[in-house]
Each structure stands twice: as structure tokens, then as C-alpha cells.
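Report on the structure given below.
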Amino acid sequence: MKDVELLAYDDAGAGPPLVLIHGLTFARQTWAPIVDALADRFRCLSIDLPGHGASTGSGAEPAVVVDRLRATLESAGVSRPVVIGHSAGALVAVGYAAQHAVAGVVDVDQPLLVGPFAALLQQREGALRGPDFATAFAPFEQSIGVHLLAEPERTRVAATRRVEQDLVLDHWALPLSTPPAEIQPLVDAMLDAIDAPFLYVSGEEVPPPVRDHLAAHLRRLELVALPGSGHLVHLAHPRRFAEAVADFATRRRRHA
């Protein structure tokens, strides 16, 4: 794709391609333990989202982010990957899979019932845009749960993060500006367009509303729960997470 700025990424291993997309405020290096566990069997491309790590630009327009991801993967010679996204990165993975051929999608603890979250952001918009961003962001930081990771993983992950007001507000531009009743149909339309296998990995037991919503929109859904792992389930239990991904990717390619 000409004139589309590529995203920064690391490329490790050989085999069927896996594309790993981090969540808001993180960076591609957070996937290191997962890549270490999978690079003997898969080609692992860890992507930096716009404004994160070594990628420049804005994440305010999801369609542009998907275009940049597509251009990056084309440049790397990657086709039909399994796309893996954590949290906000899962929305990018879903957007990509809705438009382009993939072997599968792995959603890491992103429930995709986004209307209530958009309503919450809009209620707190003034504080989030105000001078005391750290206090306004604190409840979200608590729910992310970096502090719950065991050492040395906690320090390793924290060292690559960028928790800054301009970055967060940039990536939350759509939910901050779109009525909650209108944003959910946008996500549901993307889910409806996905014909690939879809694995949802949760750090807790999957609540029935989340399970039922996914099942209503995805024809080839699998669920894996690692209770007690929290939002950073892939980092709390990297080996178990990696093996779940490897099993999913291997089975789905075998039966494709």
C-alpha cells in the first residue's frame, strides 16, 4: 500500500505467522515471553501501535490503524496470519480480520461490549482532559493490573509503557466522541464480517453476557478462561497462554 506509514515491529521465529498487537500504553516488547515460547514453531511479528514504542502517528482513526497494519504485514510478506490482540489491540485485530484474510483471531481479555465503556469514558471526559490526568486515569490503571504481575515481569513490562494523557486521549478519540448506542453496532458489524476461527482468552470466568454476545456474532468461537489471571492474562501465565494459542493456531490451520 503506497504512501501508508508502516508500523514498527519485531520479527522472530519461522513457521505460520502470528501477529501480536499490544494494548493501550504498552509496547511490542511486552510480548517477549510469548514470543520466546512460540518462535520455535511460528513466525511471530510483534507490532507497535501508533504512538507506542517506535511507531509514530495517531491511533484516533481505527480504519487508518488497520490500513497501516495491512501495509506493514504486506511489506513483511505476511498473509493469512493468526492475529492476536490484547485489550485495545484486540479491536485492531478484529478490524483487520473483518476486512482481510486471516487464519484466526485471538482476543485477549477484550469483552467487545464497548457501549458501557464508552459511556464511562464520556462521563469522565472532563477529568481525563484536565490537569490531573494521573488521578483520572487511576481507576483504569488499577483495572489493567500491571501491579498484580509477579516480579521481575512487573518491572519489565512497566519499563516499556507510556502512560501519558495525549496518547490515551488520542486512542480513546472514537469512544469519547461517539454516542454509546452507536459505537456497539460498529463493533458488532466487524464481528459479523469475520468468518475465521475466533479464540477469546479471559483472565476470569467469562460472564454470560460476554459469552452470549460473542456467540451471537461469531460462527467459529472458542473460549479459554484462566481464572484469577486478571486483564494481563497473557503475562500472568505466559506459558499456558502460549500453548493455548499454539493449539488454536495449529488445529485451525490443519482444518482450514
Requested in this report: Kindly determine whether His231 and Ser143 satisfy side-chain hydrogen bond (donor to acceptor under 3.5 Å, both in side chains), including the steps that lead there.
Outcome: CA-CA 7 Å; His231 189 51; Ser143 68; over 6 Å; no
Query - Any side-chain heavy-atom pair of Ser55 and Leu49 under 4.5 Å - result: no
Report summary line: Interatomic distance, CG@Asp192 vs CG@Asp188, rounded to 0.5 Å, equals 6.5 Å
Query raised in the report: Leu223 and Val105: same hydrophobic cluster, using ILVMFWY side-chain contacts below 4.5 Å?
Result: yes
Query - Atom pair CD1 (Ile84) and CG (Leu38), whose distance is rounded to the nearest 0.5 Å - result: 7.0 Å
Query - Pairs involving residues 110-123, ordered by first then second residue, that meet side chain to side chain donor-acceptor pair (under 3.5 Å) (sequence neighbours left out) - result: none
Query raised in the report: In terms of hydrophobic clustering (I, L, V, M, F, W, Y; side-chain heavy atoms under 4.5 Å; direct or indirect links), are Ile183 and Leu120 co-clustered?
Result: no
Query raised in the report: Is there side-chain contact between His147 and Glu141, with at least one heavy-atom pair below 4.5 Å?
Result: no
Query raised in the report: Could you give the distance from OG1 (Thr160) to CD (Gln29), rounded to the nearest 0.5 Å?
Result: 5.5 Å
Query raised in the report: Does the pair Val168 and Phe140 meet the rule for a side-chain contact (heavy atoms from CB on, under 4.5 Å), with working shown?
Result: CA-CA 11 Å; Val168 171; Phe140 301 99; over 6 Å; no
Requested in this report: Nearest 0.5 Å please: distance from the CG atom of Leu112 over to the CG atom of Leu91.
Outcome: 6.0 Å
Query raised in the report: Is any side-chain heavy atom of Pro197 closer than 4.5 Å to a side-chain heavy atom of Arg251?
Result: no
Query raised in the report: Is Arg162 reaching over with its side chain to a backbone N or O of Ala27, donor-acceptor style, under 3.5 angstrom?
Result: no
Query raised in the report: Looking only at atom types and distance, does a side-chain atom of Arg220 sit under 3.5 Å from a main-chain N or O of Asp195, one as donor and one as acceptor?
Result: yes
Query - Spatial distance of atom CD1 (Ile144) from atom CG (Leu149) [nearest 0.5 Å] - result: 11.0 Å
**Report entry** Non-hydrogen side-chain atoms of Leu191 and Phe198 separated by less than 4.5 Å
**Finding:** yes
Requested in this report: Mind listing the closest non-hydrogen atom pair of Leu7 and Thr72 along with its distance?
Outcome: N-OG1, 2.8 Å
Query raised in the report: So do Leu167 and His171 actually touch side chain to side chain, heavy atoms under 4.5 Å?
Result: yes
Query - Phe137 and Phe133 aromatic ring geometry - parallel, tilted or perpendicular at 30°/60° bounds - result: parallel
Query raised in the report: Step by step, would you call Leu24 with His52 a side-chain contact (heavy atoms from CB on, under 4.5 Å)?
Result: CA-CA 8 Å; Leu24 181 64; His52 297 74; 3.9 Å; yes
Query raised in the report: Between Pro50 and Ser58, which heavy-atom pair has the shortest distance, and what is it?
Result: CB-O, 3.4 Å
Report task. Applying ring-ring contact (aromatic ring centres under 6.0 Å, His included), run through Trp172 and Phe117 and close with a yes or a no. Result -> CA-CA 11 Å; Trp172 280 351; Phe117 183 73; 5.7 Å; yes
Query raised in the report: Shortest non-hydrogen contact from Asp109 to Gly203?
Result: OD1-N, 2.9 Å
Query raised in the report: With side chains defined as the heavy atoms from C-beta onward, is the minimum distance between Leu69 and Val65 less than 4.5 Å?
Result: no
Report task. For the residue pair Tyr9 and Val19, establish whether any side-chain heavy-atom pair is separated by less than 4.5 Å. Result -> no
Query raised in the report: Between the main-chain N or O of Glu204 and the side-chain N or O of Ser202, is there a donor-acceptor pair closer than 3.5 Å?
Result: yes
Report summary line: Only residue of His22, His86, His234 satisfying ring-ring contact (aromatic ring centres under 6.0 Å, His included) with Trp31 is His234
Query raised in the report: Roughly how far apart are Ile21 CD1 and Asp48 CG, rounded to 0.5 Å?
Result: 11.5 Å
Report task. Measure across Val78 and Pro17 and return the closest heavy-atom pair with its distance rounded to 0.1 Å. Result -> CG1-CB, 3.8 Å
Query raised in the report: What do you reckon, is CD of Gln99 surrounded by more than 12 foreign heavy atoms closer than 6.0 Å?
Result: yes
Query raised in the report: Is there a path from Val114 to Ile194 through hydrophobic residues (I, L, V, M, F, W, Y) whose side chains come within less than 4.5 Å of each other?
Result: yes
Query raised in the report: Quick one: does Ile47's side chain get under 4.5 Å of Arg28's, heavy atoms only?
Result: no
Requested in this report: Show your reasoning for whether salt bridge (Lys or Arg N to Asp or Glu O under 4.0 Å) applies to Arg239 and Glu243.
Outcome: CA-CA 6 Å; Arg239 288 282 171 181; Glu243 289 310 312; 5.5 Å; no
**Report entry** Shortest non-hydrogen separation from Pro111 to His213 and the atoms involved
**Finding:** O-ND1, 4.2 Å
**Report entry** Cluster overlap Val92 with Tyr200, hydrophobic side-chain contacts below 4.5 Å
**Finding:** yes
Query - Intermediate values then yes/no, side-chain contact (heavy atoms from CB on, under 4.5 Å), Glu153 and Leu232 - result: CA-CA 11 Å; Glu153 184 68 356; Leu232 299 173; over 6 Å; no
Requested in this report: Answer yes or no: is there a donor N or O on one side and an acceptor on the other, between the side chain of Gln165 and the main chain of Leu169, under 3.5 Å?
Outcome: no
Query - Leu199 with Leu20, same ILVMFWY side-chain cluster at under 4.5 Å - result: yes
Report summary line: Taking every heavy atom of Tyr96 against every heavy atom of Ala101, the minimum-distance pair comes out as CE2-O, 4.4 Å
